[in-house]
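One structure is given here, and the rest of the page talks about it.
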Amino acid sequence: MPRRKRLPRSFYRRDPRVVAPELLGKVLVQGGLSARIVEVEAYCGAEDPGSHAYRGMTKRNATMFGPAGGLYVYFTYGMHWCANAVCGEEGEGVAVLLRAAEPLTGIEEMRSRRPAARRDRDLCRGPARLCQAFGLDGSFDGANLPTADRGVTIVDDGTPPPVAPTIGPRIGLSAGTDLPWRWSVAGDLHLSRPA
DNA sequence: ACCGGGATGTTCT
DNA sequence: GAACATCCCGGTG
């Protein structure tokens, strides 16, 4: 059994563009479910036109402006949830979006939540799919990852981040698409799109 | 494999 | 009233 260490608040309390690539290879855990993170994006607050925080704090994005290590879960497209790890200092409004992961444990439970997934590799392949597989919704918004608040946390199992991750533009935005703030594990089969 | 359209409703302008 | 950090399904090739 490899060691399994929860990421401390100090891990998150940095620039999201530094935290994002380091999250690759870490393991998202919620109850008996776990999956290895393979794709992430950085969102950089008031300077970032693609970020929810660009126009300041609202009721919806308040968690983003809270302490590092918070889980920012938001609702979009009338049916989907997406999850971020809040980074930086309080008030900055910076975070890392969890876009895709490789299912490790609790696969049966994930499958029952995601009947549309044909293969196991589709269970957490995309930010909203990942949330659906894990059952993450608005009730998890604001959960504190370093203390496994509400059962959700991110752990280091000894797998190092990739030395040369794939870097590219963020997906699904209408502003800020030119910024190369998406990181993924090169060639991984569980990415939201091939890269 | 690839592409196009519809779903669905909260949030902010 | 428009936009939305998306996904699924059914078409075609």
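Model, not experiment: these values are computed from the prediction. Naming convention: chains lettered A, B, ... in sequence-line order (proteins, then strands); numbering from 1 in each chain.
Among the nucleotides C:dC8, B:dT13, B:dT8, the one closest to the side chain of A:Arg55 is B:dT13. Comparing C:dC8, C:dA5, B:dC12 by their nearest atom to the side chain of A:Gln132 picks out C:dC8. When each of B:dT8, C:dA5, C:dC8 is scored by its nearest atom to the side-chain atoms of A:Leu173, the top-ranked nucleotide is C:dA5. Closest to the side chain of A:Arg129, out of C:dC8, C:dT6, B:dT11, is C:dC8.
Under a hydrophobic-cluster definition in which Ile, Leu, Val, Met, Phe, Trp and Tyr are linked whenever side-chain heavy atoms come within less than 4.5 Å, directly or via other members, A:Leu97 and A:Val94 are assigned to different clusters. If you chain together hydrophobic residues whose side chains sit under 4.5 Å apart, A:Leu23 and A:Tyr72 never meet in one group.
Contact annotation: A:Arg60 side-chain N/O to C:dC4 OP1/OP2 distance is not under 4.0 Å. At the phosphate of C:dC7, neither OP1 nor OP2 sits under 4.0 Å from any side-chain N or O atom of A:Arg125. OP1 and OP2 of C:dC7 both lie 4.0 Å or more from every side-chain N or O belonging to A:His80.
Judged purely by distance below 3.5 Å, without hydrogens or angles, the side chains of A:Thr147 and A:Asp149 never pair a donor atom with an acceptor atom.
Residue A:Trp81 contributes atom CH2, which lies 15 Å from atom P of C:dC7 at whole-angstrom precision. For the pair A:Met64 CE and B:dC12 P, the interatomic distance rounds to 13 Å; values are reported in whole Å. Atom P of nucleotide C:dC8 and atom CZ of A:Arg119 are separated by 12 Å, given to the nearest angstrom. When the P atom of B:dA1 is taken as reference, atom CZ of A:Arg118 falls 11 Å away, rounded to whole Å. Rounding to whole angstrom units, CG of residue A:Leu97 and C1' of C:dT6 are separated by 11 Å. Going from atom CE of A:Met79 over to atom P of C:dC8 covers 10 Å, rounded to whole Å. As a whole-Å value, the separation of A:Tyr74 OH from C:dC4 C1' is 9 Å. Taking atom CG of residue A:Leu191 and atom C1' of nucleotide C:dA5, one finds them 17 Å apart after rounding to whole Å.
A distance-only check finds no donor-acceptor pair linking the side chain of A:Asp48 to the backbone of A:Tyr54 [under 3.5 Å]. For A:Arg113 (side chain) and A:Ala133 (main-chain N/O), a donor-acceptor pair under 3.5 Å exists by modelled atom type.
Using a 4.0 Å heavy-atom cutoff across all strands shown, A:Ser192 reaches no nucleic acid atom at all. Within the nucleic acid shown, A:Arg170 has no heavy atom closer than 4.0 Å to any nucleic acid atom. Residue A:Gly50 is classed as a base contact, given a heavy-atom separation below 4.0 Å to a base.
Using cut-offs of 30° and 60° for the angle between ring planes, the A:Tyr74 and A:His52 rings count as perpendicular.
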message = Dot-bracket, 5' to 3', for DNA chain B please: Watson-Crick or G-U pairs under 3.5 Å, [ ] where pairs cross earlier ones, | where the partner sits on another strand, dots elsewhere.
response = |||||||.||||.

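Counting atom types as modelled, A:Tyr77 pairs no side-chain N or O with a base atom of B:dA7 as donor and acceptor under 3.5 Å.
Residues A:Met64 and A:Val86 approach most closely at O-CG1, 3.5 Å, considering heavy atoms.
Figure legend: A:Arg14 and A:Phe11 shown as a cation-pi pair, the cationic atom lying under 6.0 angstrom from the six-membered ring centre and within 45 degrees of its axis.
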